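Worksheet: the structure to be examined is printed underneath.
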Amino acid sequence: MKRNIAILGSTGSIGTQALEVIDLHSNLFQVEVLTAYNNYHLLIQQALKYKPNAVVIGNESNYNKVTNALKNEDIKVYAGHQAIAQVVEMESIDMVLTAMVGCSGLLPTINAIKANKPIALANKETLVVAGELIMGLAYEQNVPIIPVDSEHSAIFQCLVGENNPIEKIILTASGGPFRNLSAKQLAQVSKKDALNHPNWCMGDKITIDSATLMNKGFEVIEAKWLFNLKPEQIEVIVHPQSIIHSMVQFEDGSIKAQLGLPDMKLPIQYALGYPKRLRSNFPRFSFANHPNLTFEEPDYGRFPALEFAREAMIQGGNIPCVLNASNEIAVEAFLNEKIDFLQMMNIVEKCLSKQPFTPKPNFENYLQTDKETRELAKTLI
Ligand code: MN3
């Protein structure tokens, strides 16, 4: 029996790489649902190639273009946010890969868990914003959440077969493209510089988040929820070569690491195929070709995002939601060249200090915080 996969965000970086993985294992996987927000052109191409049961285009103004292009196919076409959130409940889906950008992943992920669909989680913002709610629901429903993020996949892989408590985890960070720049130089960097990541090829939003280290801050929060950790059990170390994808230290002091060349197809394939390791011909890592694996402490002064994220995680409640929403607006403004690189974190910091604290938010509280924070952040641009 093939595993029927729904890919939410199929036209993005993770989505397209997931389809490449499925191409390599077409005997094991079948594309059941594809969703995209804006890129109807690529969504149509993908639908014609993979013949899914259904596709959803988030932006409703593109609905007619998609239905026209697929009118001779036996493929259901839906449009809108609500449709993305509902399509995950489809009976025939065996696994949902959440690979959309930002906070939009929240409701579809909740619905997929409620419908008992195993989640391959690539949309880390879902856990940043509402980790407590999501993990609580997954626990209640007994639904596995398999991380796709390379660091969390590494930790997950280190934990397979272990029935032992974690002493701490060590998340590796490449340090981004501006690791060696002074604060003064950071103020001058352009959008183009920021989009030029040294090791990983990713979407625009996450590439900027990697340059500010907010991505790593989000990953600290993501790890807390995925592996049920206390803040002090999560350490970040800069490892510019991105070969060690992360590590787990156990109570006897032993450390397990997962290594490989930086290629998202590996963690995507691991999540889709779990618990099996599927044979691949991805390029192999050679120690001889990489004799220098180096490590350094992150610089919290030049990259305050890590500290903001840690603070937000410790405060909990709706504060990580404030962190995410303000960051989404700030990154968008930077990508539109309305603010400079350092102003992004100024906006996040101001929003964190101004938004009221809600200790035990429910889903509506999260939506409210998200909306208010976005409005506040826009006034600061
Ligand atoms: Mn990552």
Side-chain angles (χ1 to χ4, degrees), residues 9 12-18 21 97-103 105 109 119-129 131 145-159 169-179 194-227 229 234-248 257-272 282 285 293 295 298 303 305-306 308-310 313 320 323-324 327-328 331:
S13 172
I14 296 288
T16 51
Q17 293 182 78
V21 167
L97 171 64
T98 63
M100 62 276 274
V101 180
C103 186
T109 307
I119 307 289
L121 186 118
N123 175 248
K124 71 190 75 179
E125 288 90 340
T126 303
L127 287 186
V128 172
V129 170
I145 296 191
I146 323 283
V148 170
D149 208 348
S150 59
E151 296 79 0
H152 305 75
S153 176
I155 292 163
F156 189 91
Q157 292 180 53
C158 290
L159 292 173
I169 63 163
I170 304 156
L171 282 180
T172 52
S174 71
F178 307 139
R179 186 168 57 90
L195 286 175
N196 192 10
H197 195 278
N199 303 342
W200 294 97
C201 177
M202 307 175 289
D204 286 359
K205 161 78 168 43
I206 186 174
T207 304
I208 301 301
D209 286 343
S210 297
T212 60
L213 295 200
M214 184 59 87
N215 180 55
K216 205 52 55 182
F218 285 166
E219 290 181 353
V220 168
I221 301 176
E222 184 186 10
K224 170 195 159 60
W225 293 116
L226 279 171
F227 307 111
L229 299 169
I234 308 168
E235 191 177 298
V236 173
I237 191 91
V238 173
H239 167 47
Q241 298 82 18
S242 296
I243 297 300
I244 295 182
H245 298 314
S246 279
M247 297 170 260
V248 180
Q258 187 263 337
L259 290 74
L261 292 170
D263 179 352
M264 283 308 295
K265 286 203 277 295
L266 189 56
I268 292 168
Q269 173 174 295
Y270 185 80
L272 296 184
F282 305 148
F285 172 71
L293 299 182
F295 305 91
F303 298 101
L306 263 181
F308 295 161
R310 193 171 278 278
M313 169 174 66
L323 179 80
N324 177 67
N327 182 64
E328 279 191 35
V331 171

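Numbers here simply count residues along the sequence, with the first being 1. For clarity, every value in this text was computed on a predicted model and none was experimentally measured. As the structure lists them, so they are numbered: ligands from 1, and atoms in each ligand from 1.
If you count the protein N, O or S atoms nearer to the Mn ion (ligand 1) than 2.8 Å, you get 3.
For the 3.5 Å distance criterion, the side chains of Thr98 and Asn123 fail to qualify, holding no donor opposite an acceptor. Glu219 and His152 form no side-chain donor-acceptor contact under 3.5 Å, judged by distance and modelled atom types alone.
Looking only at side-chain heavy atoms (C-beta outward), Trp225 and Val128 stay at 4.5 Å or farther from each other. Looking only at side-chain heavy atoms (C-beta outward), Ile155 and Leu171 come within less than 4.5 Å of each other.
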Criterion salt bridge (charged side-chain N to carboxylate O under 4.0 Å, His left out) on Glu151 and Lys216, from CA distance to verdict: CA-CA 10 Å; Glu151 296 79 0; Lys216 205 52 55 182; 2.7 Å; yes

Would Phe303 and Met214 satisfy side-chain contact (heavy atoms from CB on, under 4.5 Å), going step by step from the backbone distance to the final call? CA-CA 8 Å; Phe303 298 101; Met214 184 59 87; over 6 Å; no

